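Since we're looking at a predicted model, the values are computed, not measured. For the single chain, residues carry numbers from 1 onward in sequence order.
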Amino acid sequence: MISGDMEKLYPSAKTLVKECVASRVHAKDATLYDFSEQAQACAERYMGWTDLASNPPYSLADIQAFADSIIKQGLKTVVLIGQGGSTQAPMTITKYNKPDSSRIVFKTLDSDSPVRVRAILAEAKPETTLFVISSKSGGTIEPRLALRAVRDAVGDALAEEELVQHLVAITDPGSDLERQAREEGWAAVLPGEPSVGGRFSALSVFGLLPAALVGIDLEELLEHAVEAEQRCSEDAIDNPAIGLAAFLYDNYLQGRNKFSFLTPKRGRVLGLWIEQLVAESLGKDGQGILPNIEIDSLLLTNDPGDRSVIMYQTKTDLWDERKNFEMSLSYIDPTIPRANFKIDSVEELAEHFVMWEYAVAMCGYLMRVCPFDQPDVASAKAVVLDILKEGQPAPDFVQDYIGDVHMGEVEVRLAPCFKDCTDVQGALRALLTSIQPGDYFALNAFLPFTGEGRREALELIRHGVAASRHTVSCLEVGPRYLHSTGQLQKGGQNNGVFLILSADELKDIPLSEEAESLGTLAKAQASGDLLTLADRGRRCVHLHLPDNSGVTLRALSEVITGILATLD
């Protein structure tokens, strides 16, 4: 049973009930989105998610049997290689499950970072590791090149004929990945459902195989989902998906086009899934709702007027952690609209996957936005491919890196609105000064988030901007965000301010095709992000740093902290 409550009933809930939107979503009625031919045609192709639990397209018994057979063969580790919707739900399920029980170690590789790739492989013994390559289209560049890097790395430990028995593909029928897997004789190929888009695929085989591998009972998981489908498809005022859709939409109409997601640490993995679903589904045609994950509640002591709060209470065994979270909520200005939810078990995640998917589909109906496409994600991908073929665009200027100690050079690329800037500090000052009330700031970082001092320096920038400029501030992991909030950043309202970071690699991982190395791919994606954002009139600066060490990032954070101090 979905556990949640709203402070009041929002008006658009009655509209959704009166117009039978919930039941029409469940019936896959694409005419809900007849406000444009393109939107209706897209809905006709991608509404297969609405009854995944009650009518699963793939046998749960077969998924469970395959997972059990792999475990019996001595499997110790699973590395899931993918991007976007193919990895976000599995990451949420497996990380949320980990504190309770997990029969294997489960790791997700959705990063271009050589640091991240080496860290994962250092902890995985190839002989007892299963590599799951997950890609609906089968052609996404990040998992394709990551697999190539992994195969090169484990080639000394496993002969090719043995290695393919450690590979599993999850992909839609007819994809290049399916053909490759069958030709090479991989351990298994599990077909996706073409009528289910990536970010709506949590309860498809893309999410269910990882769940089974870590020991979650699929029958019990889907029982929760079936109940949620029944409740969320009812044209009734107490339908939790209708309540959530109305909360999001009516606050959006009041200028609250962002929401702060508050939860104990365990629940943040759910926040990342929600972030992608909401931002990528609704962030287009100059509209959008921005989820803000990992927010400091002290930033909400006074109502900023542009956001609401969604709170998730999750199962937390430590009394101190529960009490700390409860205390943090007491600082929030009570005038900020708030919705409260609760999850007690990993199986209950399935209910909330369903609720959010239905709510977002209904929000798209209210906003007259197609929730099932991602046009700006596709256009950004095309720019990256052009850069890989034709080479990096020249920087606007190159400068010795910040400070008295020579740490190398930084390449700076600027949006047209900042073309008059001639040094790093001037560019950063111009970027930060441009933040106005109602804007948001995003630190789009194509960097490793592991290792001493790296994440801490980036968080210092994120929180410093939020506190100083009184704005929503997001830390986005590249390239993951390109398949998530990247759609909103490019296709939504022009109220974002972006600092894009990438860096030279001290020990890069070379590639034989498409890109010279993983580091080259990451730099191309960062440059492509700058070009695409700038083409849409966004305020953005791209810094390509001389390296990604903690001390280099800390030097940058100190410069930004100093600039912010002068702007207060």
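- Scanning for salt bridge (Lys or Arg N to Asp or Glu O under 4.0 Å) contacts around R539 gives D439, with sequence neighbours left out.
- Contacts of T485 classified as side-chain hydrogen bond (donor to acceptor under 3.5 Å, both in side chains), with partners at least two apart in sequence or in another chain: E476.
- D303 contributes no side-chain N or O that, together with a main-chain N or O of D333, makes up a donor-acceptor pair within less than 3.5 Å.
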**Asked** Hey, mind stepping through H224 and E351 against side chain to side chain donor-acceptor pair (under 3.5 Å) and telling me if it holds?
**Response** CA-CA 6 Å; H224 284 267; E351 302 172 13; 2.5 Å; yes
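- Of all heavy-atom pairs spanning I387 and G528, the tightest one is CD1-N, 3.5 Å.
- Looking at S527, its side chain never comes within 3.5 Å of a backbone N or O of A524 through a donor-acceptor pair.
- Listed for the S233 side chain is a donor-acceptor partner under 3.5 Å among the backbone atoms of Q230.
- K136 places no side-chain N or O within 3.5 Å of a backbone atom of G192 that could act as its donor or acceptor partner.
- In this structure, the side chain of N239 engages the main chain of C232 through a donor-acceptor pair within 3.5 Å.
- By the salt bridge (Lys or Arg N to Asp or Glu O under 4.0 Å) test, K265 is found to be paired with no residue, residues two or more places apart in sequence or in another chain being considered.
- Between the side chains of Y252 and Q287, a donor-acceptor pair is found at a separation under 3.5 Å.
- Judged by the 6.0 Å distance and 45° axis criteria, R266 is positioned over the aromatic ring of Y96.
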Atom pairs and distances, side-chain donor-acceptor, residues 430-437, under 3.5 Å, sequence neighbours left out:
{"from": "T433", "atom 1": "OG1", "to": "R429", "atom 2": "O", "distance (Å)": "2.6"}
{"from": "S434", "atom 1": "OG", "to": "L431", "atom 2": "O", "distance (Å)": "2.6"}

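- Remark: S113 engages S111, V115, R116, P448 in a side-chain contact (heavy atoms from CB on, under 4.5 Å) (not counting sequence neighbours).
- Each of T50, L32, D235 was scored for a side chain to side chain contact (heavy atoms under 4.5 Å, CB included) with R24, with one residue passing: L32.
- The side-chain contact (heavy atoms from CB on, under 4.5 Å) test applied to Q40 returns A30, T31, D34, E44, not counting sequence neighbours.
- The main-chain N or O of V346 is never found under 3.5 Å from a side-chain atom of N97 such that the two would form a donor-acceptor pair.
- Across all non-hydrogen atoms, the minimal contact from S468 to L564 is OG-O, 3.5 Å.
- Scored by the side-chain hydrogen bond (donor to acceptor under 3.5 Å, both in side chains) test, R536 finds D376, S379 as partners (sequence neighbours excluded).
- Side chain of S297 to backbone of L329: no donor-acceptor contact under 3.5 angstrom is found.
- Looking only at atom types and distance, the side chain of D373 has no donor-acceptor partner in the side chain of Q38 under 3.5 Å away.
- For F200 and F372, the gap between ring centers is short of 6.0 Å.
- The side chain to side chain contact (heavy atoms under 4.5 Å, CB included) test with L556 singles out one residue from L428, L460, T561, L458, and that residue is L428.
- Checked against side-chain hydrogen bond (donor to acceptor under 3.5 Å, both in side chains), S195 has the following partners two or more places apart in sequence or in another chain: E193.
- Within the 3.5 Å criterion, the main-chain N or O of A53 finds a donor-acceptor partner in the side chain of E229.
- By the side-chain contact (heavy atoms from CB on, under 4.5 Å) test, N55 is found to be paired with D51, residues two or more places apart in sequence or in another chain being considered.
- Donor-acceptor pairing under 3.5 Å is lacking for the side chains of H483 and Q88.
- For the side-chain hydrogen bond (donor to acceptor under 3.5 Å, both in side chains) criterion with D529, the lone passing option out of K490, R538, H542 is K490.
- Residues passing the salt bridge (Lys or Arg N to Asp or Glu O under 4.0 Å) test with K18: none are found, sequence neighbours excluded.
- A distance-only check finds no donor-acceptor pair linking the side chain of T108 to the backbone of L80 [under 3.5 Å].
- Under the ring pair (Phe, Tyr, Trp, His ring centres under 6.0 Å) criterion, the residue pairs touching residues 261-287 are F261-Y312, W273-F353, with sequence neighbours excluded.
- Evaluation of the side-chain contact (heavy atoms from CB on, under 4.5 Å) rule for L298 yields D296, T301, Y331 as partners, not counting sequence neighbours.
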